[in-house]
Every structure is written in C-alpha cells, then in structure tokens.
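Below you'll find the structure, written out as structure tokens, and then a few comments.
Keep in mind that the numbers below use all heavy atoms, side chains included, and drop hydrogens, waters and symmetry copies.
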Amino acid sequence: MDSQTVALIGILCTVLGAFIGVLTYNRNRDKDVKNDASDSAVIRTKLENINAGVESIRIDIKAQEMRVIRVEESSKQAHKRLDKMEGIAHEN
C-alpha cells in the first residue's frame with residue numbers, strides 16, 4: 001500500500017470514530033434527560049404529597065385550637081357560676 005492509501009484509511013477511521021462518538025454522546029444525553037425528567041417528576045409528586053400532609057396537619061391544628069377556645073370559654077362560664085353559687089352559700 002502506498003502512503004496516500006494509508007493516510008486515506010486513517011482519515012476515514014478517524015471520521016467514522018468521531019461520528020460514532022457523536023452518536024453515542026447524543027444517545028446517552030437523551031437517556032440522561034429522560035432520567036432527570038423522571039426523577040424530577042417523582043420528587044415533585046413526593047413534595048406535593050408532603051405539602052398535602054402539612055396542609056392537613058394545619059387544618060387539624062386549627063380545629064384543635066377552636067376546640068381549646070370553646071373549652072376555655074365554657075370553663076370561664078362554669079367558674080362564674082361556681083363563684084355565684086359560693087357567694088350564695090356564704091350568704092346563708
């Protein structure tokens with residue numbers, strides 16, 4: 001073989017190798033993008049579930065606070081009635 005044929009074969013192999021490298025890079029990049037999108041969707045779903053749980057806890061806490069307020073008001077009224085009853089008992 002002459003040197004021109006060897007050089008031409010070397011150039012063709014180099015171009016073919018570069019082409020295969022570019023194709024492989026694009027294929028792997030697409031896989032990475034799909035995996036990242038999938039991971040993001042899973043994380044987003046989990047965060048939405050956590051947010052829903054936190055909102056549910058907030059609602060429960062507000063309901064408990066309202067119950068505590070009602071119990072405190074009822075307790076105050078009961079103490080007032082007891083004070084009146086004690087006042088009446090001391091007068092007799």
Side-chain angles (χ1 to χ4, degrees):
M1 277 202 258
D2 63 350
S3 64
Q4 286 183 336
T5 306
V6 172
L8 184 61
I9 291 173
I11 290 172
L12 286 175
C13 287
T14 303
V15 170
L16 182 63
F19 180 71
I20 291 172
V22 168
L23 289 178
T24 303
Y25 170 77
N26 285 337
R27 181 172 173 246
N28 288 337
R29 186 188 66 201
D30 292 343
K31 278 176 142 182
D32 289 344
V33 168
K34 287 178 184 177
N35 287 339
D36 288 347
S38 176
D39 291 345
S40 293
V42 168
I43 290 170
R44 190 176 308 117
T45 301
K46 288 181 179 182
L47 285 174
E48 288 172 358
N49 289 339
I50 290 169
N51 187 40
V54 169
E55 288 301 318
S56 175
I57 291 170
R58 283 185 186 166
I59 291 169
D60 290 345
I61 288 173
K62 285 184 181 180
Q64 291 295 327
E65 287 174 351
M66 293 303 297
R67 290 181 66 195
V68 168
I69 289 171
R70 287 189 203 125
V71 168
E72 287 174 347
E73 289 173 354
S74 178
S75 174
K76 285 180 187 177
Q77 293 299 323
H79 281 288
K80 286 180 184 177
R81 287 191 298 270
L82 286 173
D83 290 343
K84 285 181 185 178
M85 291 175 72
E86 284 180 0
I88 293 171
H90 288 296
E91 289 176 3
N92 290 334

Nearest 0.5 angstrom please: L8 CG to C13 SG, how far?
9.5 Å

Counting N and O atoms only, with roles assigned by atom type, does the side chain of S75 sit under 3.5 Å from a partner on the main chain of V71, one being a donor and the other an acceptor?
no

Residues that, via side-chain heavy atoms closer than 4.5 angstrom, fall in one hydrophobic cluster with I61:
I57

Can you tell me how far CD1 of I69 sits from OG of S74, rounded to the nearest 0.5 angstrom?
13.5 Å

Once side-chain hydrogen bond (donor to acceptor under 3.5 Å, both in side chains) is applied, do any residues pair with E55, and if so which ones, sequence neighbours excluded?
R58

Quick test of your reading: applying salt bridge (Lys or Arg N to Asp or Glu O under 4.0 Å), list the pairs with at least one residue in residues 60-80, sequence neighbours left out, ordered by first then second residue.
none

To which residues is L47 joined in a hydrophobic cluster, defined by side-chain heavy-atom contacts under 4.5 Å among Ile, Leu, Val, Met, Phe, Trp and Tyr, whether direct or through other members?
I43

Assess whether atom CZ of R27 is packed by more than 12 heavy atoms of other residues, nucleotides or ligands within 6.0 Å.
no

Taking the side chain as every heavy atom from C-beta outward, state whether L12 and L16 have any pair of such atoms under 4.5 Å apart.
no

Grouping ILVMFWY residues whenever side-chain heavy atoms fall under 4.5 Å, the cluster of V15 otherwise contains I11

Holding to side-chain hydrogen bond (donor to acceptor under 3.5 Å, both in side chains), I want the full list of residues that pass it with S38, two or more places apart in sequence or in another chain.
none

Is it the case that the side chain of T14 and the backbone of G10 share a donor-acceptor pair, with hydrogens and angles ignored and the cut-off at 3.5 Å?
yes

